[in-house]
Colleague: 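Quick one: the structure is below, questions incoming.
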2 protein chains.
Amino acid sequence: MADKARRTRAFEEVLLQVERRISDDGLRVGDRLPGERQLAEQLKVSRASVREALRVLETLGVVSSQAGRGPDAGAILTSRPDSALTDLLRLSLGLSSLSLREVIDTRLMLERWSAEQAAQAVRRTSPDPSPGALSASGPDAMTRAIGAMEAAATAEEFVEHDIAFHVAIAEASGNRLVAAVMRALRDAMRRYAIEAVDRLGDTSVLREDHHRIHNTITSGDAAGAIDAVTTHLAHAYPELF
Amino acid sequence: MADKARRTRAFEEVLLQVERRISDDGLRVGDRLPGERQLAEQLKVSRASVREALRVLETLGVVSSQAGRGPDAGAILTSRPDSALTDLLRLSLGLSSLSLREVIDTRLMLERWSAEQAAQAVRRTSPDPSPGALSASGPDAMTRAIGAMEAAATAEEFVEHDIAFHVAIAEASGNRLVAAVMRALRDAMRRYAIEAVDRLGDTSVLREDHHRIHNTITSGDAAGAIDAVTTHLAHAYPELF
DNA sequence: CACCGAGTATGGTCAGACCATACTTTAGGA
DNA sequence: TCCTAAAGTATGGTCTGACCATACTCGGTG
């Protein structure tokens with residue numbers, strides 16, 4: 001007969017209602033949701049179903065739960081899509097549903113775009129080529145990450161700060177969505193980055209690349225920044241170019 | 001004292017164990033997870049906690065649960081990151097945690113990259129400029145979507161097939177990650193796309209753009225394709241350019 | 001006024017029960 | 001022998017009610 005669609009489960013109804021409440025009531029980050037017991041009573045479902053819905057929302061980075069009492073307790077609306085994106089990509093990689101090639105191609109797209117936008121942002125804020133002029137915490141974070149990479153003793157440490165460096169570029173682009181995707185991508189492929197660094201053995205080429213990327217961006221040289229990050233990726237993953 | 005990190009909850013332990021099992025045992029898409037009761041007994045937690053973990057995995061598009069008995073029943077591993085991405089973006093937009101500007105800038109990046117890659121893919125598979133040579137279902141889907149848009153009576157219908165058209169381009173690029181992000185992005189901003197079409201009133205400009213995009217891609221003209229999608233986005237969202 | 005303990009509302013967890021579903025097995029009959 | 005219908009059973013879906021740990025709130029006490 002009809003009814004091909006699986007009957008909606010109780011927690012899905014809760015999800016719909018909560019999302020409706022968010023958009024209709026204009027709830028903002030920081031606002032609180034009703035307690036689990038109260039929500040269960042309002043929606044005529046069990047607390048277990050409410051909890052499953054809240055778990056979904058927590059996974060999507062929309063709510064954050066705190067036990068105890070007071071203004072900070074309960075489920076409050078947040079917005080941290082980063083960890084959700086990271087989990088998503090990491091699990092997809094683990095299931096071999098995405099190839100490393102696809103992920104790195106995507107990363108190259110993000111890196112080129114971010115570097116270009118970051119350099120253009122520099123040019124906009126300071127038409128004269130004066131170094132260190134980014135408004136956000138971008139350049140500080142970039143400089144700090146470069147320094148930390150010089151001192152890194154292990155591949156793990158190096159990759160840690162390498163991620164921070166490239167995420168700082170994405171943040172300097174001014175686009176939080178791109179920055180979130182970049183962060184998730186790098187976190188999810190952290191393992192493969194460490195392997196790549198181990199295979200290379202010497203990180204001097206990568207470190208030189210980083211300086212060139214940093215210089216081109218802070219001097220507002222968009223075309224040069226694009227070329228620099230492209231060369232950098234080719235150095236890190238020569239087998240894919 | 002120490003212990004700043006919140007004590008890990010029971011379902012988080014289940015998540016870790018299941019993910020470890022996936023990567024250690026080399027589980028693949030289609031494989032089955034133990035039943036909820038069995039998993040609860042193995043991990044010494046309640047079934048409710050197991051269910052919360054499974055709900056998280058389902059949200060991330062990693063498992064899909066089917067009731068009943070037999071080979072298809074239980075929690076089987078899947079890989080559908082699309083809906084998770086869509087939910088993520090839609091909720092982030094709903095919470096105003098991302099601006100429309102950021103989303104559309106990201107879309108422009110994806111569109112330009114996809115169009116370029118799709119055109120290059122055509123050139124690789126058929127060096128001679130013969131029309132309709134994409135290996136995947138890309139060109140068929142693109143052609144079909146263009147036809148459906150001609151027949152669309154409402155903005156909703158038009159946007160529906162517009163999404164299909166642009167997702168087909170992303171799929172023709174051969175990168176499933178980019179295609180998934182494109183699909184999620186378009187689904188999440190469907191509402192705004194409909195508003196934009198309503199504001200325009202006349203869709204003839206957009207339809208002409210689609211033909212040009214399609215022609216440049218199927219003729220392998222990468223630079224032309226990039227320019228065509230850029231112009232198209234400018235027509236759809238003139239206020240952002 | 002400062003401190004400390006009882007009260008209480010919150011999320012976190014558990015055990016156990018029941019339902020709906022859908023395959024598996026078995027008994028019955030053609 | 002073969003087909004069909006009924007019984008069996010394992011699965012996820014839901015609910016109830018209880019208890020714990022946490023952390024704020026309030027009131028009493030010094």
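The sequence lines fix the lettering, A, B, ..., with proteins before strands; numbering per chain opens at 1. Just so it is clear, the structure is predicted and the values come from calculations on it, not from any experiment.
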Colleague: Could you give me the CA-CA distance, side-chain angles and deciding distance for B:R191 and B:R90, then say whether side chain to side chain contact (heavy atoms under 4.5 Å, CB included) is met?
Modeller: CA-CA 10 Å; B:R191 204 180 108 200; B:R90 193 186 58 249; over 6 Å; no
Colleague: Using the six-membered ring wherever Trp is involved, compare the ring planes of A:H210 and A:H166 and label them parallel, tilted or perpendicular (cut-offs 30° and 60°).
Modeller: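 It falls in the perpendicular class, over 60°.
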Colleague: On the side chain of B:R9, is there an atom forming a donor-acceptor pair with the base of C:dG11 - under 3.5 Å, no angle test?
Modeller: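 Result: no qualifying N/O pair found.
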Colleague: Are A:S79 and B:S97 close enough that a side-chain donor and a side-chain acceptor fall under 3.5 Å?
Modeller: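 There is such a pair between these side chains.
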Colleague: Starting from the 5' end of DNA chain C, give me the residue, B:S46 or A:L54, whose nearest nucleotide shows up first.
Modeller: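 Residue closer to the 5' terminus by nearest nucleotide: A:L54.
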Colleague: Counting only side-chain heavy atoms from C-beta out, which of D:dG12, C:dG11, C:dA15 sits nearest to B:R51?
Modeller: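 In terms of side-chain proximity for B:R51, the closest of D:dG12, C:dG11, C:dA15 is D:dG12.
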Colleague: Mind calculating the distance between CZ (A:R47) and P (D:dA18) to the nearest angstrom?
Modeller: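 One finds 13 Å between P of D:dA18 and CZ of A:R47, rounded.
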Colleague: Between D:dT14, C:dG12, D:dT11, which nucleotide has the shortest distance from any of its atoms to the side chain of B:R32?
Modeller: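 Selected nucleotide (nearest to the side chain): D:dT11.
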Colleague: Whole angstroms only, please: what is the CG-P distance between A:L33 and C:dT10?
Modeller: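 Atom-to-atom, A:L33 to C:dT10, this comes out as 13 Å.
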Colleague: Can you figure out which of C:dT13, D:dG8, C:dC14 approaches the side chain of B:R69 most closely?
Modeller: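 For the B:R69 side chain, the nearest candidate turns out to be D:dG8.
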Colleague: Can you tell me which nucleotide in C:dG11, D:dC15, D:dG13 comes closest to the side chain of A:V45?
Modeller: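 So the nucleotide nearest the side chain must be D:dC15.
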Colleague: Is there a donor in the side chain of B:S49 and an acceptor in the side chain of B:E52, or the other way round, less than 3.5 Å apart?
Modeller: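 Per modelled atom types, B:S49 and B:E52 side chains form no pair under 3.5 Å.
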Colleague: Once you round it to whole Å, what is the distance between C1' of C:dT13 and CD of A:E36?
Modeller: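 In whole Å, C:dT13 C1' and A:E36 CD are 11 Å from each other.
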Colleague: How many Å lie between CG on A:L39 and P on C:dA9, as a whole number?
Modeller: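 Value for this atom pair: 18 Å.
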Colleague: D:dG12 C1' sits how many Å from A:E52 CD, rounded?
Modeller: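 These atoms are roughly 10 Å apart.
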Colleague: When you match A:R37 and A:G68 each to their closest nucleotide on DNA chain D, which lands nearer the 5' end?
Modeller: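 The residue mapped nearer the 5' terminus is A:R37.
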Colleague: So, is A:S49 close to the D:dC15 phosphate, meaning a side-chain N or O under 4.0 Å from OP1 or OP2?
Modeller: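 Checking D:dC15 against A:S49, a side-chain N or O does come within under 4.0 Å of OP1 or OP2.
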Colleague: Grab the CD-C1' distance between B:E58 and D:dT11 for me, whole Å please.
Modeller: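 In whole Å, D:dT11 C1' and B:E58 CD are 15 Å from each other.
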Colleague: Under a plain distance cut-off of 3.5 Å, with no hydrogens placed, do B:S114 and B:Q117 share a side-chain donor-acceptor pair?
Modeller: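 No, no side-chain donor-acceptor contact under 3.5 Å.
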Colleague: Would you mind reading off the distance between A:L43 atom CG and D:dT14 atom C1', rounded to a whole angstrom?
Modeller: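 Computing the A:L43:CG to D:dT14:C1' distance gives 15 Å.
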Colleague: Roughly, in whole Å, what's the span from CD in B:Q66 to P in C:dA20?
Modeller: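 Computing the B:Q66:CD to C:dA20:P distance gives 18 Å.
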